[in-house]
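Input: a single structure, listed below in structure tokens.
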Protein chains: 2
Amino acid sequence: MSIQKIARLAGVSVATVSRVLNNIDTVKAGNRQRVLDAIKASNYQPNLLARQLRTARSGMLLVMVSNISNPFCADVVQGIEAEAEKNGYRILLCNSGSDIVRSQSSLQLLSGKMVDGVISMDALSTLPELQNLIGDAPWVQCAEYDDASAVSTVGINDIEASRFIIDYLLQQGRQRIAMINHDLSYKYANLREKGYRERLAERGNDYCQIRYAAKLNYDSGKSETEHLLRSAEWPDAIFAVSDTLAAGALSAIAAAGLKVPEDIAVVGFDGTELGFITTPQLTTIEQPTTEIGKQAVTLLLRKINDPGSKPEQSILDWRFIQRASA
Amino acid sequence: MSIQKIARLAGVSVATVSRVLNNIDTVKAGNRQRVLDAIKASNYQPNLLARQLRTARSGMLLVMVSNISNPFCADVVQGIEAEAEKNGYRILLCNSGSDIVRSQSSLQLLSGKMVDGVISMDALSTLPELQNLIGDAPWVQCAEYDDASAVSTVGINDIEASRFIIDYLLQQGRQRIAMINHDLSYKYANLREKGYRERLAERGNDYCQIRYAAKLNYDSGKSETEHLLRSAEWPDAIFAVSDTLAAGALSAIAAAGLKVPEDIAVVGFDGTELGFITTPQLTTIEQPTTEIGKQAVTLLLRKINDPGSKPEQSILDWRFIQRASA
DNA sequence: CTGAAAGCGCTTACAG
DNA sequence: CTGAAAGCGCTTACAG
């Protein structure tokens, strides 16, 4: 079923059908009605491929996340969706699983003109293989950074947040603060680790133990904590870079027969709903999650509408939330 | 940058460039190399819109979920992705938020030929507005059913699982079993409620209280439980149709100063990781989550490759998991 | 082994 | 207010 057949059915030209489809009001009422009738009668649906090929505009934004199971990601996506919708854009979500082949395949949607721009929450900038797929297409990094700053980014000041946590834990009298970090290919992981190391050094504390979680989930948090508990010198506090990891840490600690926060304090990161579900509830850094998503869309649309505009860096505020775990 | 320009650069016809792009091996080595060089030199990326318009095949599957924040959905999606990837397909995820306008917009990807088929985890079949968008395009309902059975479905036997839970709770001596269900526009919600009602009636138990959660999340579970606790006759057991709701129930019960399972037993549904995170850990029904996703893809591809084939209903096994909450 | 040409289904100046 | 025609960027018989 094509515009051709509708035109034939309605006894008008394809141009007129197209005008009706696009709500161009120069069409005479009678003709409009006949087209509308023909469309209804034949259950015609316009071919988006043809339309977008012609107009070179898709109205779709690609969102690449490494892992939708992480509630933080899901919350950011919600912000993205809300703002995109408000501006007449639709979201396509791709779960990269941090897999380069899958990321590559997703980005073909961009280079292949199926989407108008991309918001990524993954460590793409470290992957030169992907650069030529992105080219200078509209792109913003969300809750992650790009060193070259050739791309717009939105996030929080990770170093400061990290330093704040260390200060807080030291103030509570903790002596041996361990960190459960994410893969260092993520820039935010570097920054949070920097804050951790710097602040401990400044305070003359030389206990420093860092584990790197393969994934930001409960299981990784649990097994990395088990590692920490097997080490010679136990930590008396754990700073996990995501609430999901922190939830895993709590489990491991409980399974070892230890108490939180008495024996070991645990601090999470993100401020997701998980912080209410765990026992004890999580002390954590709250990110302005949906706001990050909204801001990302704003920056992306600015770039789409004015391709010549300069990349922008947007830094939003975080908030420390004290609950029972530390 | 188009195939035309590459052809000009390489001094061959567009047909030859196309052949190189599609790995058709009739191209003479010299020409192939010149095309490859031209592609590299100009960082050419094929336009997917044009290709797919021409071939009428996209290699993409649309997955519609009502809420990616639900870990059950995320797990099913993982199964879908794995199986799709194995068959050379790529996934596009759309988060409908149970919003009809958004669902409609997503389904245009199907009617607009941008994807080859759709797997939905949402209650679409109850929405006649969407039927004409789907038409007879390849479609499978995942963890949800269609009465007309004009569509393939994959899921578990919800009635049986529900009856099992009731039996278990009665056996434990529970007298007043309440249910926190989801919106009845979901067929699975109907089935589980049917199991609940039927079994209670069969056992001569006439306490029956049902709350309907607006969303399958922690917050809804919590507030519906608060409602239950305000009612005249408190339940001594709560059957929640998802682990997320059950997690909310646990919070509300703890906040009311009551103990689980001593005062109130709680049973969840799905068998997600959340069941390990809550305190106490959740007694729940485990669904074969990733398997459901894989099976959905299998059925969908069968339909795509043989459009004339009949819809199939696939019923997988569930498992009762006893943990501390009931 | 290769190229000219048709065509996928749209939109959009342009002319009337 | 409307239609004929060009063209978006590909693929694919067809002829050579």
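Chain letters run A, B, ... following the sequence lines, proteins first, then strands; residues in each count from 1.
- Both A:Q4 and B:K28 lie close to DNA chain C; mapped to their nearest nucleotides by heavy-atom distance, the more 5′-ward contact belongs to B:K28.
- In the set C:dC10, D:dG9, C:dT11, D:dG9 carries the atom at the smallest distance from any side-chain atom of B:A50.
- Nucleic acid contact for B:S18: base, since at least one base atom lies under 4.0 Å from a heavy atom of the residue.
- Between the CD atom of A:Q52 and the P atom of C:dT11 there is a distance of 11 Å, rounded to whole Å.
- Position along DNA chain D of the nearest nucleotide to B:M1 versus A:G11 favours A:G11 as the more 5'-ward residue.
- Checked by atom type, the side-chain pair B:S120/B:D122 shows no donor-acceptor distance below 3.5 Å.
- One interatomic measurement links the two molecules: CZ of B:R51 to C1' of D:dT12, which rounds to 14 Å at whole-angstrom precision.
- The main-chain N or O of B:K187 is found under 3.5 Å from a side-chain atom of B:E144 such that the two form a donor-acceptor pair.
- With rounding to whole Å, B:I3 atom CD1 is found 18 Å from D:dG7 atom P.
- Side chains of B:R302 and B:S309: a donor-acceptor N/O pair is absent below 3.5 angstrom, by distance only.
- Distances from the side chain of B:R54 to the nucleotides C:dT2, D:dT11, C:dC10 place D:dT11 closest.
- Side chain of B:S58 to backbone of B:M114: a donor-acceptor contact under 3.5 angstrom is found.
- Distances were taken from every side-chain heavy atom of B:S2 (C-beta onward) to each of C:dC10, C:dT12, D:dC10; the shortest belongs to D:dC10.
- For the pair B:D75 (side chain) and B:T290 (backbone), a donor-acceptor distance under 3.5 Å is absent.
- Looking at B:R19, its side chain comes within 3.5 Å of the base of C:dG3 through a donor and an acceptor atom.
- C:dA13: no Watson-Crick or G-U partner with both key distances under 3.5 Å is found in any strand.
- As judged by a 4.0 angstrom heavy-atom cut-off over every strand, B:T55 is placed among residues touching the sugar-phosphate backbone only.
- The distance between atom CG of B:L53 and atom P of C:dG7, rounded to the nearest whole Å, is 14 Å.
- A close approach under 4.0 Å does not occur between any side-chain nitrogen or oxygen of B:N31 and OP1 or OP2 of C:dC1.
- Within the shown strands, nothing qualifies as a pairing partner of D:dA4 under the Watson-Crick or G-U definition with both distances less than 3.5 Å.
- The CD atom of A:Q108 sits 16 Å away from the C1' atom of D:dG9 (whole-angstrom rounding).
- Here the C1' atom of nucleotide D:dG9 and the CG atom of A:L48 are 17 Å apart, to the nearest Å.
- Between the CG atom of A:N47 and the C1' atom of C:dG9 there is a distance of 6 Å, given to the nearest Å.
- Projected onto DNA chain D by closest heavy-atom contact, B:P46 and A:T16 fall at different nucleotides, the more 5' of which corresponds to A:T16.
- Checking D:dT11, C:dG3, C:dT11 against every side-chain atom of B:N22, the shortest atom distance belongs to D:dT11.
- A:S13 has a side-chain polar atom (N or O) that falls below the 4.0 Å cut-off from OP1 or OP2 of D:dG3.
- Atom CG in B:L49 sits roughly 20 Å away from atom P in D:dG7 (whole-Å rounding).
- Defined by atom type and a distance below 3.5 Å, a donor-acceptor pair is missing between the side-chain atoms of A:E312 and A:S152.
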